[in-house]
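Convention: sequence-line order gives letters A, B, ...; per-chain numbering from 1.
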Protein chains: 2
Amino acid sequence: MRDAFTDQLDAVHADLARICEAVRTAVERATHALFTGNAAVAEQVISDDAEIDRAREQLEEHAFELLSRQAPVAGDLRTVVASLRMVGELERMGDLSVHVAKIARMRVPQVAVPDDLVPMIGRMAQLAEEMVQQAGEIIRDRDAARAADLVPDEEELDRLRSELFRTLLAEDWQHGVETAVDIALLCRYYERIGDHALSLATRIVFVVTGQPSRED
Amino acid sequence: MRDAFTDQLDAVHADLARICEAVRTAVERATHALFTGNAAVAEQVISDDAEIDRAREQLEEHAFELLSRQAPVAGDLRTVVASLRMVGELERMGDLSVHVAKIARMRVPQVAVPDDLVPMIGRMAQLAEEMVQQAGEIIRDRDAARAADLVPDEEELDRLRSELFRTLLAEDWQHGVETAVDIALLCRYYERIGDHALSLATRIVFVVTGQPSRED
């Protein structure tokens with residue numbers, strides 16, 4: 001049955017999917033700045049983050065209006081509250097993209113990632129961005145079945161992070177302390193972006209079924 | 001006017017204050033494990049985190065019941081939703097304590113922090129723990145006026161982190177890559193715990209006034 005509640009909830013979900021796309025763009029551009037040492041692109045990620053914050057505020061206002069006017073219960077209520085949590089995670093993913101962009105900016109005109117680590121960090125960045133894209137599609141289509149698709153990506157991110165840590169802590173590490181610290185932090189940022197993307201996708205199970213999920 | 005809603009909201013706030021105290025204990029013990037290399041204490045922080053997660057689930061259930069049965073609007077609604085966000089932050093602070101404990105555990109029987117950095121990392125840990133304690137008191141007393149007290153602590157955390165990064169990236173750094181990475185991550189964990197504590201305290205402004213805050 002379509003009613004005012006359903007329409008308003010659709011609008012909230014469309015907002016979530018749009019913010020997720022803005023976050024995907026932020027991850028993509030931060031990664032581009034990281035690998036090219038392009039200061040202008042890094043600056044853009046940093047300044048555009050305010051738009052993600054504003055979009056979050058607007059979505060929250062819409063969700064509050066919906067709760068106030070419709071006073072949903074049970075599954076509908078859980079759905080709206082889940083949306084509020086999801087937009088909080090999206091904002092955090094935007095912040096993590098800004099952290100990546102700031103590492104890129106700090107090393108301009110050099111690049112923070114040494115050549116021999118570009119494949120591994122590049123793969124982490126690619127996985128993180130793909131996970132954000134998939135989360136956005138899952139939100140848009142409310143396709144809870146696809147949430148499980150993100151699990152292997154998250155596991156690969158975890159393996160890559162472990163491997164990179166082993167590399168930078170090995171006896172034959174040649175790139176010095178500064179690069180090691182940059183790489184450790186980059187690993188953490190991309191892994192957290194992936195964690196949040198998986199969490200977003202998992203919450204959709206909640207939104208579609210109205211039931212609390214184990215991961216929630 | 002006292003009514004069923006007020007009583008239930010008081011119960012939610014008492015839960016929040018209790019979880020905040022559990023988080024403070026986690027920060028305290030993780031720091032103890034870090035500076036003493038005590039593996040048993042580190043393990044305890046890691047295993048006790050499940051209790052914080054369970055307490056979060058229970059609080060969420062109480063908040064959902066409250067929203068379902070009472071259908072609050074305006075300021076009351078914002079208060080309940082703010083509580084849901086606050087408990088999400090508390091859970092994350094528990095996770096960050098676990099990260100500190102895992103760094104401690106990884107270096108047993110050594111300690112991760114070299115002697116000359118104990119004062120600075122110790123001060124960061126102390127500030128983070130104090131901020132969690134203050135946030136707990138502010139939640140318990142719903143004392144929005146005290147939220148501003150946490151700002152200087154957060155600024156000091158930020159300064160210490162910058163100073164530690166300068167130290168570990170300096171030419172004369174003697175402790176190698178592994179310690180540098182540990183210190184960089186520890187700085188980040190304590191700083192994030194402090195950020196969340198400030199955010200919790202700031203949300204109380206919201207809870208007391210029912211108005212959105214700039215920082216929210």
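When heavy atoms are compared at a cutoff of 4.5 Å, Arg69(B) does not approach chain A at all. Contacts of Ile183(B) with chain A are absent, with no heavy-atom separation under 4.5 Å from either backbone or side chain. With a 4.5 Å cut-off on non-hydrogen atoms, His175(B) does not touch chain A at all.
Smallest separation of non-hydrogen atoms from Ala180(B) and Val177(A): CB-CG1, 3.4 Å. In this structure, Leu77(B) and Ser68(A) approach most closely via the heavy-atom pair CD2-OG, 3.4 Å.
Looking only at side-chain heavy atoms (C-beta outward), Arg85(B) and Leu84(A) come within less than 4.5 Å of each other. Residues Leu185(A) and Leu185(B) meet the side-chain proximity criterion, which asks for heavy atoms closer than 4.5 Å. For the pair Arg92(B) and Arg92(A), the minimum side-chain heavy-atom distance is 4.5 Å or more. Side chains of Leu67(B) and Val81(A) form a contact here, defined as non-hydrogen atoms less than 4.5 Å apart.
Inspection of non-hydrogen atoms places Phe165(B), Leu168(B), Leu169(B) of residues 154-170 of chain B under 4.5 Å from chain A.
Counted within 6.0 Å of CG on Asp115(B), heavy atoms from surrounding residues, nucleotides or ligands total 12 or fewer; the atom is thus considered open.
By number of non-hydrogen pairs under 4.5 angstrom with chain A, the leading residue of Arg188(B), Glu178(B), Glu65(B) is Arg188(B).
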